[in-house]
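Here's the structure, in structure tokens; my notes come after.
Computed from heavy atoms alone, side chains included, the values below leave out hydrogens, waters and symmetry copies. Convention: sequence-line order gives letters A, B, ...; per-chain numbering from 1. None of these values were measured; they are calculated from a predicted model.
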Amino acid sequence: MADSSSKRGKKFQGPKGTRDFYPREMARRRYIEQAWRNVAIRHGFDEIEGPTFESSDLYAVKSGEGILGELFQAFSGKSPEDVEQVMKTGRAPYALRPEFTPTLARMFADKAASMPRPTKWFAIPIHYRAERPQRGRLREFLQWNADVIGDESPRADAEVIAVAVDMFSELGLSSKQLTVRLSNRDLVSEMLAGIGVAADDISRALMLLDRRDRLPAGEFDKGCAEINLDPVAFIAGLDAVQKSMNDALAAMENGKPRPEIESDSPAIANLIGLLEALAAHGILKWCEFDFSIVRGLAYYTGTVFEITAGSERAIAGGGRYDKLIEMFGGPPTPAVGFGMGDVVLSLVLEEHGLMPDDAGLAQSLNQRPDAFVFAAGGPECDAALVPLVAEMRRAGLHARRSYKSTNKIDKLLKDAAASFARCAIIIDEGFSKGTVATKDLDDGTQHIIKRSDLLAWVRERRGVSKE
RNA sequence: GCGACCGUAGCUCAGUUGGUUAGAGCACCUGGUUGUGGUCCAGGGGGUCGGGGGUUCGAGUCCCCUCGGUCGCCCCA
């Protein structure tokens, strides 16, 4: 398949880590996108979009350093300067966007003076990462982003979590299948500082914590030793706070008053605020505190969270990035948001049998034909097919037709059923006398109606279609 | 970048210790059962067995290389 040249020309296959969306796959993609879009809009988010490639510097500025190696780079071959730069430095002036947050921050920073606070934006951009594909991870994928900008309170954190949770409900997933794991980088930083870790070593300690479960035995302790951190005390302290927070969460979930938590830590106060905001949204049962969640991105501040399902890769992740807009030349502006990819979400939906079949997708996407027309008579019926279909389409109806050469009713009805049309319109002998036969493909009822009444009849069907 | 497994029609696969013109089901197209919907019957298009090289009288079936896929590691926005 690599090179079957000769008589029929070279065959190509899509690049590694990309997908071809044939009609069925496209319908599934639209199904997910529709849920994302509908839920975001009803939660008061406005849709935005940005360019699919940005200046490389936009990503260099904010993300971690290691990220740069996973970018697909881009440049114009028409510019000798660019070509030379790429040859010399290996760095192109542009990069295909690997995430959306920098674009969003840039867009907000550009118009910050005129933007309302809070601003709530969502986007469904396509992203590119030059990673090796594996389960739940491709090189080209969609990611739903929802962000609340300009509200520093944990109420905003809860809002973005709530929109994600509501979307899961929309698709049939429950808190039994998913968990929102909450953490706060400031809390962990406070604790680290409290037990004597130097300010310069804190980000390194966070990285260690992030990888604790994945590191080989002993490596975590070794890393801690290098920054003068007592691993046992560190983890014990973290676990103690985590437990008291989760106890509080459990109590509130059961309708009991929140237990007092004695602390003068701003981060704890913030987490308690988050807890109360999540309770107000009625989504505590989806949540738990897990202070081992750190997130890899350098720009996160304060609240961070991941949403996980079983053993799959995290289905969504996000957090606060209170300094990013400022870094892009805007006014100091707090912001919080998350990204959710379509790849892992699709896997989770499939696992739980929650992806509708073709008929369900057609229904859900509002793509069912209003009518499926075929001719089952002589040549005069065949000749009437195209004009009739054309008339229906001009009238705004979704009309499909059979392309089969047969005039057997059973085959044509099968053809009609395969289109998931609401009804079949049969052009038969009656056509010469001004009538057509109709058949409701959902309940099987049939009528002979006047050709002149057809458009109205089909229109009415569309209105009364059953769910 | 590293590792494991896999690679026969669009899809799922069969293919005997290497032996004549490579098979099945599904899907697709056509026709029949002389006019009603995931039945039945018949026929058809479509693979040079991922690609290249080698061993052999002869390879889909053995060896090497290569490309691709899947799943891990690294990384994870």
For this session: Verify, without hydrogens or angle tests, whether A:Gln85 (side chain) and A:Arg91 (backbone) share a donor-acceptor contact under 3.5 angstrom.
Result: yes
Exercise. Taking atom C1' of B:C76 as reference, at what distance in whole Å does atom CG of A:Leu215 sit?
Worked result: 15 Å
Exercise. If we call it a pair only when both distances are under 3.5 Å in a Watson-Crick or G-U wobble match, what pairs with B:G25?
Worked result: B:C11
For this session: Kindly say whether, by distance alone, the side chain of A:Lys16 makes a donor-acceptor pair under 3.5 Å with the base of B:G68?
Result: no
Exercise. Taking the C1' atom of each, how far is B:C76 from B:G38, in whole Å?
Worked result: 44 Å
Exercise. Residues two or more places apart in sequence or in another chain: which of them pass side-chain hydrogen bond (donor to acceptor under 3.5 Å, both in side chains) with A:Ser364?
Worked result: A:Gln34
Problem set entry | Side-chain (A:Thr119) to main-chain (A:Met115) donor-acceptor, under 3.5 angstrom | no
Seminar exercise, completed: Residue set satisfying side-chain hydrogen bond (donor to acceptor under 3.5 Å, both in side chains) with A:Glu190, at least two apart, ordered chain then number -> A:Ser265
Exercise. Ion pair present between A:Arg28 and A:Glu350, side-chain N to carboxylate O less than 4.0 angstrom?
Worked result: yes
Exercise. Which value, in whole Å, describes the distance between the P atoms of nucleotides B:U30 and B:G68?
Worked result: 39 Å
Problem set entry | Whole-Å gap separating C1' (B:C26) and CZ (A:Arg24) | 12 Å
For this session: For the pair A:Trp121 and A:Phe108, name the ring-plane relationship: parallel under 30°, tilted 30 to 60°, perpendicular over 60°.
Result: perpendicular
For this session: Please work out which residues in residues 305-319 of chain A have a non-hydrogen atom less than 4.0 Å from an atom of RNA chain B and list them by number.
Result: A:Arg313
For this session: Let me know the distance between CG of A:Asp210 and C1' of B:C74, rounded to the nearest Å.
Result: 14 Å
Exercise. Tell me the side chain to side chain donor-acceptor pair (under 3.5 Å) pairs involving residues 314-336 of chain A, sequence neighbours left out?
Worked result: A:Asp147-A:Tyr321, A:Asp157-A:Arg320, A:Arg320-A:Asp322
For this session: Check the distance between B:U36's P and A:Asp428's CG and give it to me in whole angstrom.
Result: 13 Å
Side-chain donor-acceptor distances from residues 208-216 of chain A under 3.5 Å, at least two apart:
none

Problem set entry | Rounded P spacing from B:U48 to B:U61 in Å | 15 Å
For this session: Look at the rings of A:Trp36 and A:Trp144 and say which category their plane angle falls in: under 30° parallel, 30 to 60° tilted, over 60° perpendicular.
Result: parallel
For this session: For RNA chain B, determine which residues of residues 123-152 of chain A have any heavy atom closer than 4.0 angstrom to one of its atoms, and list them numerically.
Result: A:Arg129, A:Glu131, A:Arg132, A:Gln134, A:Arg135, A:Arg137
Exercise. In whole angstroms, how far is the C1' atom of B:G69 from the CG atom of A:Asp20?
Worked result: 14 Å
Exercise. With both distances under 3.5 angstrom, what nucleotide forms a Watson-Crick or G-U wobble pair with B:G72?
Worked result: B:C2
Problem set entry | Pair listing, ring-ring contact (aromatic ring centres under 6.0 Å, His included) test, anchored in residues 356-376 of chain A, at least two apart | none
Problem set entry | Value in whole Å for how far the P atom of B:G38 lies from CZ of A:Phe420 | 13 Å
Problem set entry | Ring-face cation of A:Arg29 near A:Phe21 (centre distance under 6.0 Å, axis angle within 45°) | yes
For this session: Enumerate the residues from residues 337-350 of chain A whose closest heavy atom to RNA chain B is under 4.0 Å, giving them by residue number; use none for an empty result.
Result: none
Problem set entry | Sugar-phosphate, base or nothing in reach of A:Arg211, heavy atoms under 4.0 Å | sugar-phosphate
For this session: With P as the reference atom in both, quote the distance from B:C71 to B:C13 in angstrom, rounded to an integer.
Result: 15 Å
Seminar exercise, completed: Judged by nearest nucleotide, the residue sitting upstream toward the 5' end of RNA chain B, A:Ile409 or A:Ala418, is A:Ile409
For this session: On RNA chain B, check which nucleotide each of A:Ala376 and A:Arg295 is closest to and give me the residue with the more 5' one.
Result: A:Ala376
For this session: In whole angstrom, give me the gap between the P atoms of B:C6 and B:C75.
Result: 28 Å
Exercise. At under 4.0 Å between heavy atoms, what does A:Arg214 touch on the DNA or RNA strands: base, sugar-phosphate, or nothing?
Worked result: base
For this session: Identify whether the distance between the nearest side-chain nitrogen and carboxylate oxygen of A:Glu131 and A:Arg313 falls below 4.0 Å.
Result: no
Seminar exercise, completed: Counting primed atoms, P, OP1 and OP2 as sugar-phosphate and everything else as base, the B/S/- map of nucleotides 27-34 of chain B against protein heavy atoms under 4.0 Å is --SSBBB-
Problem set entry | Atom pair distance, as rounded to whole Å: CD1 in A:Ile425 and C1' in B:G37 | 15 Å
Seminar exercise, completed: By the Watson-Crick or G-U definition, both distances under 3.5 Å, B:G19 is matched with B:C57
Identify each donor-acceptor pair in which a side-chain atom of residues 399-410 of chain A lies under 3.5 Å from a protein atom, sequence neighbours left out, and give them as a table.
from     : atom 1 : to       : atom 2 : distance (Å)
A:Arg400 : NE     : A:His398 : NE2    : 2.8
A:Ser402 : OG     : A:Lys404 : N      : 3.1
A:Ser402 : OG     : A:Asp415 : OD2    : 2.7
A:Thr406 : OG1    : A:Lys408 : N      : 3.0

Problem set entry | With A:Asn270 via side-chain hydrogen bond (donor to acceptor under 3.5 Å, both in side chains) - residues at least two apart | none
Exercise. Using atom C1' of each nucleotide, how far apart are B:G69 and B:A77 to the nearest Å?
Worked result: 26 Å
Problem set entry | Results of side-chain hydrogen bond (donor to acceptor under 3.5 Å, both in side chains) for A:Asp151 - residues two or more places apart only | A:Ser153
Problem set entry | Opposite nucleotide pairing with B:U36, Watson-Crick or G-U, both atom distances under 3.5 Å | none
For this session: State, to 0.1 Å, how close A:Ala277 and A:Pro154 come at their nearest heavy-atom pair, and which atoms those are.
Result: CB-O, 4.1 Å
Problem set entry | P atoms of B:C62 and B:G7, separation to the nearest Å | 11 Å
Exercise. Rounded to whole angstrom units, what separation is found between the CG atom of A:Leu58 and the P atom of B:A77?
Worked result: 17 Å
Exercise. With a 4.0 Å cut-off on heavy atoms, is A:Leu441 in touch with a base, just the backbone sugar-phosphate, or nothing at all?
Worked result: base
Problem set entry | Integer angstrom distance from the C1' of B:G10 to that of B:C2 | 34 Å
